[in-house]
Amino acid sequence: MRQYIYGKNTVLQSLKGDKPVYEIYLMKNVKDDKLISLAKAKNVKVNIVAHKGVLNQLVGNVVHQGIVAEVEGYDYYEIDEILESIPAGKQPLLLMLDGLEDPHNLGAILRTCDAIEVDGVIIGKNRSVGLTPTVAKVSTGAIDFVKVAQVTNLSRTLEQLKSKGFWVVGCDLNESQDYRAIDYNMPVVIVIGSEGFGISRLVKAHCDMNVVLPMNGHVTSLNASVATALILYQVYNSRHPLK
């Protein structure tokens with residue numbers, strides 16, 4: 001299914017990738033020779049529009065930077081497809097997002113996942129944000145490289161992964177330890193809960209251990225994408241220590 005994406009970096013990254021780009025809509029006051037040249041090289045039609053309202057009708061009242069593209073919709077992967085794509089010899093790393101609803105958080109999380117080569121992200125089909133144009137914009141192209149699986153039952157998925165040798169580490173306050181205290185050199189699934197309610201009861205029951213981020217100031221929690229980035233980089237640090 002086709003969908004519209006927006007923003008300079010998002011559209012440019014799509015033109016560089018393998019995903020079909022059908023048309024581009026460009027405000028006449030936007031000058032981007034690189035984007036136009038790349039579009040022409042790939043035989044993508046560029047429509048010059050005079051009024052911002054034309055783009056707003058396509059993507060809504062968002063910060064589209066005067067650039068919108070019609071592309072093939074983003075595909076979801078099966079869990080087995082993600083596992084089979086993990087390079088031989090690489091310690092597997094998956095991220096599960098339990099009830100995350102903010103597309104800005106998901107987009108930022110995908111950027112971090114791309115940066116440290118997370119093998120796949122798992123989200124639920126219900127009460128969770130999917131791969132929307134806003135997610136694509138915030139991810140600045142990472143959405144094209146990070147494999148995302150959308151599953152019906154997160155708890156059952158964890159059961160399946162644990163049967164394949166994965167350890168499940170949840171970001172939760174109960175019976176937790178400092179996130180820096182764990183050696184992440186094992187096949188691992190990091191679980192991050194929703195912005196308002198954390199990890200759900202059934203998913204929490206499948207966590208082998210819980211970790212917490214030190215909070216010594218006046219606020220009691222961090223933005224979901226910030227917390228995710230800190231934990232994922234700790235995994236990276238654990239696996240790739242400085243010599």
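Positions are given from 1, in the same order as the sequence printed here.
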With distance as the sole criterion, is a donor-acceptor pair present between the side chains of [X] and [Y] under 3.5 Å?
X	Y	value
Asp98	Ser200	yes
Tyr6	Thr134	yes
Asn56	His64	yes

Could you grab the distance from atom [atom1] of [X] to atom [atom2] of [Y], nearest 0.5 Å is fine?
X	Y	atom1	atom2	value
Leu213	Leu173	CG	CG	9.5 Å
Phe145	Leu110	CZ	CG	12.0 Å
Arg180	Ile182	CZ	CD1	12.0 Å
Ser128	Asp102	OG	CG	12.5 Å
Lys162	Cys207	NZ	SG	8.0 Å
Ile143	Thr10	CD1	OG1	8.5 Å

Please give me the minimum heavy-atom distance between [X] and [Y], naming the atom from each residue.
X	Y	result
Leu35	Asp32	N-OD1, 2.9 Å
Met186	Arg239	O-NH2, 2.8 Å
Tyr74	Ser14	OH-OG, 4.1 Å
Ala149	Ile79	CB-CD1, 3.7 Å
Leu232	Cys113	CD1-SG, 4.0 Å
Gly130	Ile123	CA-CD1, 4.1 Å

Just by modelled atom types, is the [Y] backbone N or O under 3.5 Å from a matching donor or acceptor in the [X] side chain?
X	Y	result
Ser238	Tyr184	yes
Asp119	Leu94	no
Lys8	Gln65	no
Asn210	Asn174	yes
Ser139	Ala136	yes

Hphob cluster co-occupancy, [X] + [Y], side-chain heavy atoms under 4.5 angstrom:
X	Y	value
Val118	Ile122	no
Leu230	Ile190	yes
Ile116	Met96	no
Val62	Tyr4	yes

Requested in this report: Check the pair Thr132, Val135 against side-chain contact (heavy atoms from CB on, under 4.5 Å), reporting the backbone distance first and the verdict last.
Outcome: CA-CA 5 Å; Thr132 67; Val135 173; 3.3 Å; yes
Report yes if some heavy atom in the side chain of [X] is under 4.5 Å from a heavy atom in the side chain of [Y]; otherwise report no.
X	Y	result
Leu97	Ile109	yes
Val188	Gln91	no
Lys45	Glu70	no
Pro92	Ile86	yes
Ser155	Val203	yes

Counting only heavy atoms from other residues, nucleotides and ligands, does the tally under 6.0 Å from [atom1] of [X] exceed 12?
X	atom1	answer
Lys40	NZ	no
His240	NE2	yes
Lys42	NZ	yes
Tyr236	OH	no
Glu78	CD	no
Asp33	CG	no

Query raised in the report: Going through the checks in order, is the side-chain contact (heavy atoms from CB on, under 4.5 Å) test met by Ile231 and Val169?
Result: CA-CA 10 Å; Ile231 293 174; Val169 179; 6.0 Å; no
Table please: side-chain donor-acceptor pairs of residues 17-26 below 3.5 Å, with sequence neighbours left out.
unit_1	atom_1	unit_2	atom_2	d
Lys19	NZ	Gly73	O	3.3
Tyr22	OH	Glu72	OE1	2.4
Glu23	OE1	Asn47	ND2	2.8

Query - Pair Asn153-Glu159, side-chain contact (heavy atoms from CB on, under 4.5 Å): steps then yes or no - result: CA-CA 10 Å; Asn153 192 306; Glu159 289 177 2; over 6 Å; no
Requested in this report: Taking salt bridge (charged side-chain N to carboxylate O under 4.0 Å, His left out) as the test, write out the residues that go with Lys147, two or more places apart.
Outcome: none
Query - Presence of salt bridge, Lys16 and Asp144, under 4.0 angstrom - result: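 Salt bridge absent between Asp144 and Lys16.
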Query raised in the report: What do the steps show when you test Met27 against Val49 for side-chain contact (heavy atoms from CB on, under 4.5 Å), and what is the final call?
Result: CA-CA 5 Å; Met27 288 284 295; Val49 299; 3.8 Å; yes
